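Everything quoted here is computed from the prediction, not taken from an experiment. Counting convention: from 1, in listed order, for ligands and their atoms alike.
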Amino acid sequence: MPEGQHHEAVIEVEGLTKTFKVGDNEIRALKGIDLSVHATEFLVVFGPSGCGKTTLMNIIAGIDTPTKGTVKVRGTNIFALKDEARGIFRSEKMGIIHQMSYWAKSLSVLENVALPLIIEGQSEKSSLEQAQKVLDTLDISELAKQRPTQLSGGQQQKVGFARAMISSPWIIFADEPTGNLDSKSAEEIMLLFKELNEQHKRTIILITHNKEYWELGNRRIEMKDGQISKDSKHG
Ligand SMILES: Nc1ncnc2c1ncn2[C@@H]1O[C@H](COP(=O)(O)OP(=O)(O)O)[C@@H](O)[C@H]1O
Ligand SMILES: [Mg+2]
């Protein structure tokens, strides 16, 4: 039913808890999160440092495992998958932009952007061609041959963005992506998220402290001490 599909949840989180054990101490980073995110949403997540934002993102993306609870991504219970299958699922369906970009340092920008496709098993030639197209789209094709570590923070974030969108993922996660950027680069990156959401119909989950960017999204959740304390939709 088309109407049903339109409102389909991309992400369904139920009863999620995460406890880290550090020596004899237990840190309860997530204390019971229920969250359903729809395909059309651009979700902004904020809250004080240490409230569990990154932990929540890492678990939804299947990078970290929950202590309790389930995460379904378009109906797939990701922690019922074996580690390798979950890794492949993530690389095909999710794009992640971390606070600091991690690069394969010996590879060029073009090769770094192509890497997710090569890992998925596509041919090197086709992967590099697709990477070139994404760089063209983002107007950064002149960076293709450089090493990512030689670039400015703003350029690195754009390349990180290219790498996150190369496999046309359902969901793009960004963890304080503009933390280290000047305001012009930050604004450019943020407008790319908006475009991906509105024109390319991707679900966006953006963690940011910066109030300026809150209205870019159409839903906002606030976290406090391992829980969701506010949830508002708008726009
Ligand atoms: N790998 C880890 N080992 C131990 N404690 C962790 C680990 N990751 C996060 N924590 C703790 O979990 C809590 C939530 O952290 P985090 O999700 O990074 O918060 P935020 O992203 O909102 O700043 C913090 O108390 C943090 O110290
Ligand atoms: Mg964090």
Side-chain angles (χ1 to χ4, degrees), residues 10-37 41-73 78-79 83 86-87 90 94-103 153-154 156-161 163-164 169 171-183 185-187 189-190 192-193 196-197 203-217 219-233:
V10 180
I11 300 167
E12 280 177 286
V13 173
E14 270 181 30
L16 193 69
T17 68
K18 178 69 177 180
T19 303
F20 291 105
K21 291 207 169 68
V22 182
D24 288 340
N25 289 327
E26 289 197 336
I27 298 168
R28 294 172 67 207
L30 299 177
K31 300 178 179 170
I33 302 272
D34 296 300
L35 177 67
S36 172
V37 182
E41 284 179 329
F42 181 152
L43 177 69
V44 174
V45 181
F46 73 106
S49 181
C51 71
K53 304 180 297 296
T54 298
T55 303
L56 178 62
M57 185 191 96
N58 284 344
I59 294 176
I60 294 174
I63 294 169
D64 203 351
T65 55
T67 302
K68 269 198 195 137
T70 55
V71 175
K72 286 186 187 160
V73 177
I78 62 169
F79 295 105
D83 289 354
R86 187 164 61 252
R90 175 172 60 246
M94 307 186 206
I96 302 164
I97 300 166
H98 296 277
Q99 208 160 358
M100 296 271 300
S101 303
Y102 303 98
W103 303 112
Q156 287 194 36
Q157 280 299 28
K158 277 197 187 167
V159 177
F161 191 89
R163 182 176 58 183
I171 310 161
I172 305 245
F173 297 92
D175 193 354
E176 306 195 27
T178 60
N180 309 311
L181 302 186
D182 60 85
S183 58
S185 306
E187 176 131 358
I189 295 281
M190 288 301 170
L192 290 174
F193 286 122
L196 265 183
N197 177 246
T203 309
I204 312 287
I205 300 189
L206 168 68
I207 299 174
T208 183
H209 282 303
N210 194 333
K211 288 186 185 175
E212 259 182 74
Y213 301 123
W214 287 358
E215 71 245 39
L216 278 181
R219 180 179 176 191
R220 193 155 73 217
I221 64 174
E222 182 173 354
M223 290 183 68
K224 211 176 189 174
D225 200 17
Q227 290 178 311
I228 293 173
S229 55
K230 259 187 209 161
D231 187 339
S232 57
K233 294 184 195 207

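Under the 4.0 Å distance rule, the nearest protein heavy atom to atom 21 (O) of ligand 1 falls inside the cut-off. Shown here, atom 26 (C) of ligand 1 is out of close reach of the protein: none of its heavy atoms lies under 4.0 Å off.
Counting protein heavy atoms only, atom 19 (O) of ligand 1 is closest to Gly52 N, 3.2 Å. Among all protein heavy atoms, the one lying closest to atom 23 (O) of ligand 1 is Gly50 N, 2.7 Å. Among all protein heavy atoms, the one lying closest to atom 18 (O) of ligand 1 is Thr54 CB, 3.8 Å. Ranking the protein heavy atoms by distance from atom 9 (C) of ligand 1 puts Phe20 CE1, 3.4 Å first.
Centroid-to-centroid, the aromatic rings of Tyr213 and Phe193 stay 6.0 Å apart or farther.
At least one heavy atom of Ser49 sits less than 4.0 Å from an atom of ligand 1.
Here the side chain of Asp34 pairs a donor or acceptor atom with the backbone of Gly15 at under 3.5 angstrom. Between the side chain of Lys18 and the main chain of Thr55, no donor-acceptor pair closer than 3.5 Å is present.
The Ile27 neighbourhood of ligand 1 comprises atoms 5 (N), 11 (C), 12 (O), 25 (O), with distances under 4.0 Å to a heavy atom of that residue.
Residue-to-ligand polar distances keep Ala29 apart from ligand 1: every N/O pair is separated by 3.5 Å or more.
Proximity annotation for atom 16 (P) of ligand 1: of Thr55, Asp225, Val22, Thr55 comes nearest, heavy atoms only.
When side chains are defined from C-beta on, Ser101 counts as touching Gln157, because their heavy atoms get closer than 4.5 Å.
Salt bridge annotation for Lys233-Glu41: present, with a cationic side-chain nitrogen under 4.0 angstrom from a carboxylate oxygen. No salt bridge links Lys53 with Asp175; every basic N to acidic carboxylate O contact stays at or beyond 4.0 Å. A salt bridge does not link Glu12 to Lys72: none of the charged side-chain nitrogens sits closer than 4.0 Å to a carboxylate oxygen.
For Ser49, every N, O or S atom stays at 2.8 Å or more from the Mg ion (ligand 2).
Asp182 and Ser185 share a side-chain donor-acceptor pair at under 3.5 Å.
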